[in-house]
Amino acid sequence: MKKFLLILTFFTGIYASAQEELKKDSIVVDTVKYWSVLGKNTLMINQAAFSNWVGGGANNVGWLAGINYNITYEKDKDLWENIIILGYGQNDTKGQGIRKTQDVINVSTNYGRKFLKSWYFSLGTGFQSQFAPGYEDGNNPESKKISNFMAPGYLNVGMGITYRPNDNLTVTLRPTNARWTFVLDKDLQLAGNYGLKSDGDSSLLQFGFLGTAIYKLKIMEDVHLTNTASVFSNYLDRPDRLVLAYGAILNLKVNKYISSNITLDVLYDHNQIEKTQLKQTLGIGFAYTLDNGVKRSDRKDSQWWIKK
């Protein structure tokens with residue numbers, strides 16, 4: 001939990017810096033703002049209580065906190081997009097104790113230089129990991145540990161092209177991408193774990209192709225669906241063993257401060273486990289959305305696909 005608060009404080013500082021730049025640009029260029037910040041802060045709480053209930057059940061209470069920020073800089077031919085996704089949650093069930101229900105760190109940055117309409121030469125990096133240990137048997141701390149902070153941790157660095165006709169669609173193709181897998185927990189540094197070659201290894205380097213896509217869809221008023229997908233192929237060893245990931249977030253807004261989220265994550269990574277991994281969550285609670293700044297693609301002078 002301390003790691004979560006530390007990282008949250010760090011990115012709050014980044015956001016404050018972006019706000020200062022946004023203010024400076026606003027003074028110089030009147031209504032044109034090169035920095036735009038779209039962020040969502042959530043706190044979901046669930047609870048169930050039973051007393052003499054014939055159908056059975058265990059008293060439990062849970063919580064889930066997270067932030068999802070998109071900080072973008074757009075000016076002339078330059079496009080710099082930063083995505084910060086942090087989330088952690090727990091559930092306390094009578095007779096079972098506290099179990100982790102959500103744990104994610106996903107931070108990425110991508111810089112592009114436009115060479116055609118909606119097309120950019122791009123360079124970017126991304127980092128993924130988790131805050132706390134994960135265990136077999138439903139995250140039971142008494143069972144075998146299978147993951148931890150930076151075990152695994154993934155770092156991608158690569159260059160390629162980005163297609164971005166509007167804020168709702170971004171596709172990035174990197175034919176040259178380095179992917180480091182880190183396993184810094186000594187208990188998990190065993191041959192075969194996350195692709196490690198030998199006992200005691202703490203990292204694995206792969207080089208290959210990475211493709212990512214983000215597609216946002218407004219289904220109806222106050223109902224939005226965000227789709228993310230990625231594919232990685234390692235040129236150096238078994239390029240046919242693709243790392244595939246898909247994520248979906250369905251957001252149903254109740255009012256300004258209350259919303260419901262349904263998430264779905266599907267992952268296949270041969271180095272983790274030779275099975276398809278699936279995770280689904282449902283929550284309702286407090287949500288605060290920050291929308292500060294006007295993206296270039298939102299301004300009428302940049303909406304070339306709309307007939308003037």
Side-chain angles (χ1 to χ4, degrees), residues 10-40 67-85 106-128 155-179 207-218 224 226-233 247 289-308:
F10 173 73
F11 285 112
T12 300
I14 292 180
Y15 164 69
S17 175
Q19 290 300 291
E20 289 300 319
E21 291 294 329
L22 187 150
K23 291 178 182 178
K24 292 177 183 177
D25 290 338
S26 299
I27 295 174
V28 176
V29 198
D30 194 16
T31 59
V32 176
K33 300 178 181 179
Y34 301 123
W35 282 104
S36 63
V37 180
L38 177 61
K40 187 170 186 179
I67 65 172
N68 189 328
Y69 273 72
N70 185 306
I71 303 174
T72 304
Y73 177 83
E74 296 177 286
K75 183 179 180 182
D76 300 328
K77 293 185 177 182
D78 296 319
L79 171 64
W80 181 25
E81 188 167 27
N82 305 276
I83 296 176
I84 304 165
I85 301 174
N106 192 337
V107 181
S108 65
T109 182
N110 191 64
Y111 168 77
R113 180 75 174 176
K114 181 183 289 188
F115 66 94
L116 287 174
K117 278 186 177 179
S118 305
W119 290 92
Y120 301 80
F121 291 118
S122 62
L123 171 68
T125 182
F127 170 72
Q128 295 176 326
L155 178 65
N156 283 285
V157 180
M159 62 176 62
I161 57 174
T162 295
Y163 174 66
R164 192 173 186 273
N166 53 62
D167 292 337
N168 294 323
L169 176 63
T170 302
V171 179
T172 298
L173 305 175
R174 295 179 187 162
T176 57
N177 187 87
R179 183 178 191 250
F207 182 78
F209 168 84
L210 176 66
T212 63
I214 301 175
Y215 177 57
K216 301 175 184 177
L217 176 66
K218 180 179 179 180
H224 296 82
T226 300
N227 301 274
T228 60
S230 69
V231 56
F232 175 77
S233 174
T289 300
L290 174 68
D291 192 350
N292 193 351
V294 179
K295 292 188 177 182
R296 180 180 60 196
S297 50
D298 282 340
R299 300 201 310 267
K300 291 183 179 180
D301 60 329
S302 294
Q303 295 176 349
W304 51 267
W305 60 91
I306 299 178
K307 292 182 179 180
K308 301 285 192 296

Considering only heavy atoms from C-beta outward, does the side chain of Leu210 approach that of Val231 to under 4.5 Å?
-> no
Taking only residues two or more places apart in sequence or in another chain, which ones pass side chain to side chain contact (heavy atoms under 4.5 Å, CB included) with Thr172?
-> Asn110, Ser122, Thr162, Thr170, Arg174, Thr212
Does a side-chain heavy-atom distance below 4.5 Å link Asn168 with Leu217?
-> no
For the residue pair Trp119 and Lys114, establish whether any side-chain heavy-atom pair is separated by less than 4.5 Å.
-> no
Where do Phe209 and Leu173 land on the side-chain contact (heavy atoms from CB on, under 4.5 Å) test, with the steps shown first?
-> CA-CA 8 Å; Phe209 168 84; Leu173 305 175; 4.0 Å; yes
Using ring pair (Phe, Tyr, Trp, His ring centres under 6.0 Å) as the criterion, list what pairs up with Phe121, not counting sequence neighbours.
-> Phe115
Would you check, one step at a time, whether the test side-chain contact (heavy atoms from CB on, under 4.5 Å) holds for Ile67 with Ile85?
-> CA-CA 6 Å; Ile67 65 172; Ile85 301 174; over 6 Å; no
Of all heavy-atom pairs between Ser118 and Pro165, which one has the smallest distance, and what is that distance?
-> OG-CA, 3.4 Å
Heavy-atom side-chain proximity of Thr72 to Leu79 below 4.5 angstrom | yes
For Thr228 and Ile214, indicate whether the former's side chain and the latter's backbone hold a donor-acceptor pair under 3.5 Å.
-> no
Check whether any side-chain heavy atom of Asn70 sits under 4.5 Å from a side-chain heavy atom of Asn82, and report yes or no.
-> no
Answer yes or no: is there an ion pair linking Arg113 with Asp78, defined by an N-O contact shorter than 4.0 Å?
-> yes
With a 4.5 Å limit on heavy-atom distance, are the side chains of Glu81 and Arg164 in contact?
-> yes
Considering non-hydrogen atoms only, spot the tightest contact between Thr289 and Lys40 and give its length.
-> OG1-CG, 3.9 Å
Nearest heavy atoms of Gly160 and Pro175, plus distance in Å = CA-CD, 4.0 Å
Side chains of Asn68 and Leu38: does their closest heavy-atom pair fall under 4.5 Å?
-> no
Applying side chain to side chain donor-acceptor pair (under 3.5 Å) to Ser233 and not counting sequence neighbours gives none
Chi angles and distances behind the side-chain contact (heavy atoms from CB on, under 4.5 Å) call for Asn106, Ile83 = CA-CA 8 Å; Asn106 192 337; Ile83 296 176; 5.9 Å; no
Trp80 and Tyr111: ring pair (Phe, Tyr, Trp, His ring centres under 6.0 Å), yes or no, with the steps?
-> CA-CA 4 Å; Trp80 181 25; Tyr111 168 77; 7.8 Å; no
Closest heavy-atom contact between Ala213 and Val171?
-> CB-CG2, 4.2 Å
Cation over ring, Arg179 on Phe207, under 6.0 Å and within 45°?
-> no
